[in-house]
> 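Have a look at this one before I ask anything.
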Amino acid sequence: MSAPGQTGGGSERNELALGVLFVSLSLTCIALMVLDHRENHLERVRQVLSVAVHPIRVAVDFPFSAWDAASRSLTSQRELLEENEQLRRERLNANFQLQRLAALETENARLRALLDSPAALDHRVLVAEILAVDLDPYRQRFNVNRGVTNGVFVGQALLDANGIVGQIVEVGPFTAEAVAITDADHALPVRVNRNGLRTVAVGTGDSTRLRLPYVTNTADIEVGDLLVASGLGGVFPLGYPVANVLEVRQRPGQSFADVIAEPVSALDRDREVLLVWDANRATSAAVDAAVVSELQ
Amino acid sequence: MVEAIGSRKLPALSLLAALILAIVPMPEWIAAFRPNWVAVVLLYWCVVAPDKLGMLTALGMGLALDVLTGSLLGQHALALLVIVYVCQRFPPRIRVIPLAQLTAMIVALLALYELVLFWVDGTAGRTVPLIDRWAPVLSSALVWMLALAILDRWRRVAHARM
């Protein structure tokens, strides 16, 4: 411990200095929060800080990725053979479905051409790894190991092998922060695949549940219905699976029914996700940029 | 005794460890009980060696924590600032004050920390039920007691040496 004179009460001037420092620093904090909350003025500052703390993220993630790598290089031959066999079967299955898809795609393109509507099913994807880093426990957010240097942008959709996972909300130089579709502050426009009924799927904060709060009591929705992205918000590409309806409870006297759905993507088990560049969206962004530059 | 904590290395290292612990993955069922490591470590040093670090350190650590956890820039910084200020303005004299009283003060400060976070969340329009906020206070207090036990032991050793 230091000398008592330093720790004990101190003079009034000392206290005043302490108070002034406290007030000015907290005002700085509040100013930062306001700037960050409105308008996102602090993107540059965040990026710089993000680089500064990057070593900590890497240090936390390292044991997990190292363990992954080690277990990958130490799998036995028998396991590899089994996995190979299973993958072979899955590929056969997938190929079989692809054949049908190819025919459907040409038919779809022909019909769209007849209707004069633009057909864009061309998506570019990039595999990103989820960093083994825990963020705010009250929100469903995670970091991925791709950033501005890989062309990641805010609002980009994330998929996994089964369906839609979430979207990017913050981009740093080497990492990006994503929000899952089950985050309590997230909602995405969906439609029922069976009949095209459009609605909104809202997150619950539980990674295995989505809520559909705006389905009327009389709407045609059943347990087991597949919900797909409707593409209306412009964030998620059209037609990718989102969730299966788990429970429909009509509430007499209320205008809306209680509908609960289960996401098809393995939100809590994923280690790798796909970043999607939607061809439609890229062109619209390019058009926006062109319009903006013309206006200036 | 002064030499034992004389260097700035130990506080710096422990703060770095706190930042790492703040984002290390935990099983989901226990994640809500993650202690506020940074707050605990900062308070610890404020009590043990008040002249080693102050509000600027709190600000820096808070901003780092904000970027790491993706919260509003300045949220954790403000919360840490408040508790460090209170701790510096009314320094607990650890040689005189009874342990129970010291613990009560620390728990109150940890609760204050959560309250500031809650308040900012509420103002920014993010809703986290206040009831969920007590878990970290509890676990942080437990960690603090542990730190206190270590401190106590260390004090006794130091006394024996004197």
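These numbers were taken from a predicted model, which means no experiment stands behind them. The sequence lines fix the lettering, A, B, ..., with proteins before strands; numbering per chain opens at 1.
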> Determine the minimum heavy-atom distance between B/D66 and A/R46, stating which atoms define it.
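Looking at all heavy atoms of both residues, the closest pair is O-NH1, 4.5 Å.
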> At a 4.5 Å cut-off on heavy atoms, which part of B/L16 comes close to chain A: side chain, backbone, both, or neither?
side chain
> Looking at B/L59, B/L68, B/V120, which one has more heavy-atom pairs under 4.5 Å with chain A than the rest?
B/L68
> If we only count heavy atoms from C-beta on, is the A/R139 to B/S71 side-chain gap below 4.5 Å?
yes
> Please report the interatomic distance CG(B/L73) to CG(A/L35), rounded to the nearest 0.5 Å.
9.5 Å
> B/L78 and A/M33: which non-hydrogen atoms are nearest, and at how many Å?
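What the structure gives for the nearest pair is CD2-CE, 3.6 Å.
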> Where the side chain of A/D36 meets the backbone of B/L72, is there a donor-acceptor pair that is under 3.5 Å apart?
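No, the answer is negative, given that no donor and acceptor are paired below the 3.5 Å cut-off.
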> How close do A/R57 and B/V67 get, heavy atom to heavy atom, and via which atoms?
NH2-O, 3.5 Å
> Taking every heavy-atom pair that is under 4.5 Å apart, which of B/L19, B/T69, B/V84, B/T123 has the most such pairs with chain A?
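Of the options given, most contacts go to B/T69.
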> Minimum heavy-atom separation for B/P25 and A/A132, please, with both atom names.
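Of all heavy-atom pairs spanning B/P25 and A/A132, the closest is CG-O, 3.1 Å.
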> Got a sec: does the CZ of A/F62 have more than 12 other heavy atoms crowding it under 6.0 Å?
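No, CZ of A/F62 has 12 or fewer neighbouring heavy atoms, counting only those of other groups under 6.0 Å.
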> Top residue by heavy-atom pair count (under 4.5 Å) with chain B, among A/I56, A/L49, A/L18?
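Sorted descending by pairs with chain B, the first entry is A/L18.
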